[in-house]
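The structure appears right after this line, and notes come after that.
The chains referred to below are lettered A, B, ... by the order of the sequence lines, with proteins before strands, and numbering in each begins at 1. Remember, it's a predicted structure, so these values are computed and weren't measured experimentally.
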Amino acid sequence: MIDLKALRENPDLYKEGARRKRIAVDIDRLLELDADRRAVMTEQESLRAEQKRIEKEIGPKLGQLMGRIKKASGEEKAALEAEAEQFRAAPTRLKEQIHELDSKITALDPELNELLLQVPLPPDEDVPVGASADENVQLRTWNPDSFDPAKSFADNRGFAPKSHIDLMHMHGMVDFERAVKLAGSRSYVLTGDGMRLHNAILRYAFDFITNRHEFRATSVPVIVREECMIGTGFFPAGHDQAYRVSETERGGTHDYYLTGTGEVGLMGLHQDEILDEAALPLKYATVSTCFRREAGAAGKDTAGLFRIHQFDKVEQVIICKADEHESRRWHQTMIGIVEELLQSLELPYRLLQCCTGDLGPKNADMIDIECWMPSRGDVDASGVPSGAYSETHSASRLYDFQCRRLNMRYKGESTGGKTVFCHSLNNTVAASPRILIPIIEMNQNEDGSITVPEALRPHMNGLERIG
RNA sequence: GGUGGGAUGGCGGAGUGGUUGAACGCGCCGGUCUUGAAAACCGGUAAACCCGUCAGGGUUUCGCGGGUUCGAAUCCCGCUCCCACCGCCA
């Protein structure tokens, strides 16, 4: 959520931000509702002040009167009661007026809140303006000496690559047919060394982030309430992307949603808290199953392990002080951790600066990391794919957008006793099975065997080669 | 699923109709003392919103929503959540 006060003071910033992000939201209407609401509130508050003043004035008198009424009788009592009634009349009139204004506010609130939740965080000035992911900008690439992604896989290795699908079938690492029987399209069952490799990369990544980089190892719920989805900024925009567990249909008090990322659980941890500045930054890591409906992606990437409804992801989250430079610094740190991880696996990758149209509502800036995948890209006349970089990681910088919605604040020396909304950031550490695509395809040998990356061998019982 | 208990400020915990936005303790901040620190003592310490250029003024908030009342943390109704025990169970 954005700061309504800031929006009021500088609406053009937010209008331009929404425009750059290609998000339609009626900011003028929001400002109009806000102005109406404040006018009503101001009126109501002065009525309340008056009411309180009168209360204090007549309270003691009324108390006295009531005492006398108790003792009195007959005509005297009637007279006293009439007098008491007069005292009561003024505040009662005020009360009615206040009540009317209350219902005015109640009438304005739903639309105002709905619009407010829709206003995206403006992208940072240094984010390239663009309509969609096609206009993302490559920042830099990395590749091991042994592989140059500018050339084809065949030119690098001397043989045409097989896809992860073929390789995994060859070694009994996956069973798509039975998976589809169980759970429909975009499902998979990892088997044998497929499942072992999946666990190995997750374990390696989790140890990497929690041991080497000292992020706090944490488990999180993956089934959460709607408030948590709204608070983390995934709703309302991403409502169609999340699976809903409709408990209300069977008489429950709430519906639940399956989270699409561990970020939701990690960010939800401290909602409504006022943190001690000295405790910041909070650095968390989790590994969790992620669920995505992939609504609107029908027909896209249907084969293999690239775009699936359920996967497991090691995620890193940082909650830090509300300081742009600090946010930016942590963003780079989180990206650096992933680069270190990918380099240890010798996977070629590139960094992409996402353009404004690809940021989504909650990000000020987002850097995607794409690994080189031999089986992707255009296919040539002989049926060999060119290979292409494809997204495996996404590092977001959100400023206080999430923390404002989650009501997550901190207080300390630098805030001068005030409470301030924290900043938050998140980044993938490793998402599997998608990351298995480059791992398997890049480590294939001409005979179809797969060399297990050295870093993963300790988690594969020392296995050096599959097949 | 059954039965009972509870929800108060950063934390613990008082408070059952009228300066209670809230005792007391802890924590935190400042001061005295001290070479320094600790201890002790003294003082301070909720959040959000609105109006205002400032100074300042005002409103709301004791789980949430509604009601009674001149006046509600305190009384009434509804809801949500949490805890304990029993039952079932990975």
Side-chain angles (χ1 to χ4, degrees), chain A residues 1-9 31 33-70 80-110 112-113 116 219 221-228 230-231 247-248 250-256 268-280 282 289 319 322 400 403-422:
Chain A
M1 184 158 56
I2 53 95
D3 183 357
L4 187 52
K5 224 185 291 180
L7 173 74
R8 219 180 274 150
E9 281 163 15
L31 288 168
L33 288 166
D34 173 52
D36 288 353
R37 187 180 201 279
R38 278 180 302 137
V40 176
M41 266 181 71
T42 305
E43 192 184 345
Q44 190 186 42
E45 281 177 9
S46 62
L47 288 174
R48 280 213 169 104
E50 174 68 2
Q51 186 193 28
K52 281 179 104 162
R53 198 187 56 75
I54 292 174
E55 249 162 48
K56 272 196 181 145
E57 195 180 297
I58 68 167
K61 290 182 192 165
L62 200 61
Q64 241 181 10
L65 259 178
M66 296 310 280
R68 281 165 61 195
I69 287 172
K70 260 188 192 170
L80 289 171
E81 270 172 355
E83 200 178 331
E85 207 43 55
Q86 272 191 342
F87 274 129
R88 289 192 189 110
T92 303
R93 261 198 313 278
L94 280 173
K95 210 166 82 169
E96 280 163 9
Q97 290 178 41
I98 290 167
H99 217 84
E100 271 172 41
L101 296 178
D102 245 344
S103 46
K104 272 194 190 173
I105 291 177
T106 312
L108 293 172
D109 272 347
L112 191 148
N113 290 333
L116 184 58
S219 86
V222 296
I223 166 169
V224 302
R225 295 218 171 147
E226 187 175 19
E227 292 77 52
C228 199
I230 294 172
E247 281 296 293
T248 50
R250 47 162 74 165
T253 54
H254 295 275
D255 283 342
Y256 294 86
L269 285 173
H270 294 286
Q271 74 188 101
D272 291 321
E273 288 186 30
I274 299 174
L275 301 162
D276 184 352
E277 181 179 335
L280 300 179
L282 296 174
T289 303
I319 296 157
D400 64 359
C403 293
R404 189 178 290 278
R405 288 181 176 228
L406 289 164
N407 194 28
M408 192 189 300
R409 294 164 293 173
Y410 73 99
K411 202 173 153 130
E413 226 170 286
S414 75
T415 69
K418 292 263 181 228
T419 57
V420 177
F421 291 108
C422 308

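- Side-chain nitrogen and oxygen atoms of Arg225(A) include none within less than 4.0 Å of the OP1 or OP2 phosphate oxygen of U80(B).
- With a 4.5 Å cut-off on side-chain heavy atoms, Ile2(A) and Arg404(A) do not count as touching.
- As rounded to whole Å, 22 Å separates atom P of C49(B) from atom CD of Glu43(A).
- One finds no side-chain N or O of His254(A) lying less than 4.0 angstrom from the OP1 or OP2 phosphate oxygen of C79(B).
- Between the Arg405(A) side chain and the Ile230(A) main chain, a donor and an acceptor come within less than 3.5 Å of each other.
- Side chains of Gln271(A) and Asn407(A) form no contact here, defined as non-hydrogen atoms less than 4.5 Å apart.
- The shortest non-hydrogen separation linking Tyr410(A) to Cys422(A) is CD2-SG, 3.8 Å.
- Between A46(B), A48(B), C81(B), one nucleotide has an atom nearer to the side chain of Lys411(A) than all others, and that is A46(B).
- Checking the phosphate oxygens (OP1, OP2) of A46(B), no side-chain nitrogen or oxygen of Thr419(A) falls inside 4.0 Å.
- The line from CD1 of Ile319(A) to CG of Leu282(A) is 5.0 Å long, rounded to the nearest 0.5 Å.
- To the nearest whole angstrom, the two P atoms, one in G21(B) and one in U59(B), are 12 Å apart.
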- prompt: Dot-bracket for RNA chain B: what is it, with Watson-Crick or G-U pairs under 3.5 Å, [ ] where a pair crosses earlier ones, and | for a pair to another strand?
  reply: ((((((((.[[[..)..(.....]]]((((((.......))))))((((((....)))))).[[[[[..)....]]]]])))))))....
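- The separation between Gln271(A) atom CD and G63(B) atom P is 18 Å, rounded to whole Å.
- Separating the CD1 atom of Ile105(A) from the P atom of A48(B) is a distance of 20 Å, rounded to the nearest angstrom.
- Backbone-only engagement by Lys5(A) is indicated by non-hydrogen atom pairs under 4.0 Å involving sugar-phosphate atoms exclusively.
- With sequence neighbours excluded, the residues that form a side chain to side chain contact (heavy atoms under 4.5 Å, CB included) with Lys411(A) are Ile274(A), Thr415(A), Thr419(A).
- Comparing G78(B) with G4(B), their P atoms sit 15 Å apart, to the nearest whole Å.
- Remark: the separation of the C1' atoms in G10(B) and C62(B) is 16 Å, to the nearest Å.
- Leu101(A) has its side chain within reach of Lys104(A): a pair of non-hydrogen atoms, C-beta onward, lies under 4.5 Å apart.
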query: In the 5'-to-3' direction, what one-character label does each nucleotide of nucleotides 55-60 of chain B receive under the scheme B = base within less than 4.0 Å of a protein heavy atom, S = sugar-phosphate only, - = no such atom?
result: ---BSS
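- Residue Asp272(A) contributes atom CG, which lies 14 Å from atom P of C82(B) at whole-angstrom precision.
- Comparing U20(B) with G27(B), their C1' atoms sit 23 Å apart, to the nearest whole Å.
- For the P atoms, the distance linking C41(B) with C77(B) amounts to 47 Å, nearest Å.
- Side-chain contact between Tyr256(A) and Arg225(A) is present, with at least one heavy-atom pair separated by less than 4.5 Å.
- The C1' atoms of G63(B) and C82(B) are separated by 10 Å, rounded to the nearest whole Å.
- Of all nucleotides listed (C50(B), G67(B), U80(B)), C50(B) comes nearest to the side chain of Arg8(A).
- In this structure, Phe421(A) atom CZ and A47(B) atom C1' are separated by 11 Å, rounded to whole Å.
- Considering only heavy atoms from C-beta on, Met1(A) comes within 4.5 Å of Leu116(A) through its side chain.
- His99(A) is not listed as a side-chain neighbour of Lys95(A), based on a closest heavy-atom distance of 4.5 Å or more.
- If you take atom C1' in A39(B) and the same atom in U34(B), they sit 11 Å apart, rounded to whole Å.
- Atom CZ in Arg409(A) sits about 12 Å away from atom P in G9(B), given to the nearest Å.
- Residue whose closest nucleotide on RNA chain B sits further toward the 5' end, between His99(A) and Leu4(A): Leu4(A).
- Comparing C79(B) with U60(B), their P atoms are spaced 28 Å from each other, to the whole Å.
- Between the Gln44(A) side chain and the Ile98(A) main chain, a donor and an acceptor come within less than 3.5 Å of each other.
- Going from atom CD of Glu277(A) over to atom C1' of U45(B) covers 17 Å, rounded to whole Å.
- Taking atom CG of residue Leu108(A) and atom P of nucleotide C50(B), one finds them 15 Å apart after rounding to whole Å.
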